[in-house]
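By convention here, the first residue in the shown sequence is residue 1. Bear in mind that the values here come from a model prediction, so they are computed numbers and not experimental data.
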Amino acid sequence: MSFPLLTATAALPALGAIATAAVPAARRTAAKWLALIVSLATLALAVTVFARFDPDGARYQLTESHAWIADFGVRYELGVDGIAVALIALTALLIPFIILAGWHDADPLETGSKRWRPTQGFFALILAVEAMVIISFEATDVFLFYIFFEAMLIPMYFLIGGYGDRAHQHGEETASTQRSYAAVKFLLYNLVGGLIMLAAVIGLYVVAGNFSLTEIAEARANGTLHMATSTERWLFLGFFFAFAVKAPLWPLHTWLPNAMGESTAPVAVLITAVVDKVGTFAMLRFCLQLFPEASKWATPAILVLALISIIYGALLAVGQRDIKRLVAYASISHFGFIIMGIFAMTSQGQSGATLYMVNHGISTAALMLVAGFLISRRGSRLIADYGGVQKVAPVLAGTFLIGGLATLSLPGLAPFVSEFLVLVGTFSRYPAIGIIATFGIVLAALYVLVLYQRTMTGPVKPDVAKMPDLRVRELVVVAPLIVLLVFLGVYPKPLTDVVNPAVKQTMSDVHKKDPQPEVEAAK
């Protein structure tokens, strides 16, 4: 029996979470180092998965299948395609940086009669989220996927509500109330989506008789499993609703600005760069593969919602006074691009959407983590409280600028490649949608450059004058992310080689071919 590499990649952070939580309270530093070492070991396994994956091989590789709940047709089935491999690598890459960036975020702090939760719990919860996200990318049994799709809400709830941002303008009592509100809102939105999905999962079992993604898709492809049109559409909507909440897609997005605004910067990155990617990934893996006809039926409405997300998120980002909420609304706009690329039903659009998931994760991590370092120095999230930072902390200002330029998809940085592919793929089939979506790029330039101008340039504010530049630990966090943004912006081939074959198979699932360009016949 071959080594269960996929199980090991998900199990290691899960075991690490248990071990970290069990470290004695007096040994907080040991708990931090244990969590970091486990995250680096998980990254090594993820790199092994990436290296062993053959883009020209079978669709799902490194597969594992074991009986689990036989009476209900539930199996422990894992397998990865090129899209899952890329997102597993992204997740495993970001977690060590998240842990390093949050090194002191959960240190004990007396605030009147209140004390922060144990440091060990903070890092254990991060590892628990990593384990659940990775197995969600690996699961090819629909019920298995559903369990971890929902279970990751629990550690995220405690990370948002129990370890919120200390840089609050209205005192600890108000901050605690707002953290609790953000955590409950996050949980309720996602639980409602999950309950609707559960009904659809049960409905799928009634129709198909099992939960195996590969078996159901194969039966649909060869004609041995037939779904009534109305049944397929209802099941699709049940799955899509849950994924759209997680994604987040307008108008189901309102939990995200609260959750990111009240979280620490590393937890905000965990939300938008890691957890939310499960929603867009699941649209590709489950919606399109299980319900191809319903996906095509819903495409016009979904493209309109994605377009609204792009423009709405960007417009609200322009008007924000809070740095973290600005990044949250920018992420809503970017997720609109990702969903638009998925449902453009072109190979360029879906390849671009997958690359966008990876590149958005890296660029948002870079921008938000540097913003977190900035906020921790000044103790404020308000843009108006900053000014002239580049004169006193030039390295911090420079890395903040690069993260911002990546967010607006500057050519030469990684997000440009993915956004370009999404727009080209959308324009080739839906030109009006593609044209309007380009206004999102203009607005992105506006909110990023205005943010930089107001915080980093101009006269030095008195409270900024003694601000220290980035420390060694902070440089270790930021520098590799910037290197990756430049490398993948110049040379995205390592990712495209892995992703493109999986995209072609997804296009085959929905029986779509790329539109052929209209060439005027030579006279």
Side-chain angles (χ1 to χ4, degrees), residues 28-29 32-33 35-36 94 96-111 116 119 122-123 126 163-169 172 175 260-270 321-327 362-407 448-486:
R28 293 188 301 274
T29 303
K32 297 175 184 180
W33 280 105
L36 180 60
L94 291 181
F97 297 127
I98 288 171
I99 289 173
L100 271 176
W103 200 252
H104 297 297
D105 285 357
D107 288 350
L109 175 68
E110 293 288 353
T111 54
W116 293 88
T119 304
F122 179 75
F123 295 98
I126 291 174
Y163 298 93
D165 191 357
R166 296 175 179 178
H168 206 284
Q169 318 307 128
E172 174 58 24
M260 289 184 65
E262 299 305 322
S263 299
T264 64
V267 172
V269 171
L270 188 65
R321 296 181 298 170
D322 183 311
I323 297 174
K324 290 166 71 176
R325 289 178 71 90
L326 184 151
V327 179
I362 300 171
S363 62
T364 298
L367 180 61
M368 179 59 87
L369 293 179
V370 176
F373 299 148
L374 177 70
I375 291 167
S376 68
R377 284 159 165 73
R378 173 65 179 80
S380 173
R381 303 182 336 223
L382 298 180
I383 296 172
D385 288 341
Y386 296 88
V389 174
Q390 67 180 12
K391 296 178 182 177
V392 297
V395 177
L396 189 155
T399 53
F400 189 83
L401 178 62
I402 295 172
L405 293 176
T407 298
V448 167
L449 295 178
V450 168
L451 171 64
Y452 183 83
Q453 179 189 36
R454 291 178 177 175
T455 55
M456 302 295 162
T457 65
V460 178
K461 292 283 184 75
D463 291 325
V464 172
K466 295 182 180 180
M467 182 177 289
D469 214 333
L470 291 183
R471 303 177 178 92
V472 174
R473 173 179 59 85
E474 295 165 336
L475 283 171
V476 170
V477 171
V478 176
L481 296 174
I482 291 175
V483 170
L484 272 174
L485 287 173
V486 175

Give me the atom names and distance for the closest heavy-atom approach of [X] to [Y].
X	Y	value
G261	R325	CA-CG, 4.4 Å
R473	L100	NH1-O, 2.7 Å
A35	I99	O-CD1, 3.6 Å
A101	V477	N-CG2, 3.8 Å
A365	V269	CB-CG1, 3.7 Å

Measuring from atom [atom1] of [X] to atom [atom2] of [Y], what distance do you get when rounded to the nearest 0.5 angstrom?
X	Y	atom1	atom2	value
L481	S363	CG	OG	9.5 Å
M260	D322	CE	CG	10.5 Å
L367	K324	CG	NZ	12.5 Å
W103	I98	CH2	CD1	14.0 Å
I375	Y386	CD1	OH	5.5 Å
F123	R28	CZ	CZ	11.0 Å

**Message:** If you count every heavy atom of other residues, nucleotides or ligands that lies below 6.0 Å from R321 atom CZ, does the total exceed 12?
**Reply:** no
**Request:** Could you tell me whether the side chain of Y452 reaches within less than 4.5 Å of the side chain of L405, counting heavy atoms only?
**Result:**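 Result no, sub-4.5 Å side-chain heavy-atom pair not found.
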**side-chain hydrogen bond (donor to acceptor under 3.5 Å, both in side chains) partners of residues 454-469, not counting sequence neighbours, each pair once** = R378-D463
Ignoring hydrogens and angles, write down the donor-acceptor pairs under 3.5 Å from the side chains of residues 391-403, residues two or more places apart or on other chains.
{"unit_1": "K391", "atom_1": "NZ", "unit_2": "G458", "atom_2": "O", "d": "3.4"}
{"unit_1": "T399", "atom_1": "OG1", "unit_2": "V395", "atom_2": "O", "d": "3.0"}
{"unit_1": "T399", "atom_1": "OG1", "unit_2": "L396", "atom_2": "O", "d": "2.9"}

**Asked** L451 pairs by side-chain contact (heavy atoms from CB on, under 4.5 Å) with which of T407, L326, V327?
**Response**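 Running side-chain contact (heavy atoms from CB on, under 4.5 Å) over T407, L326, V327 with L451 returns exactly one hit, L326.
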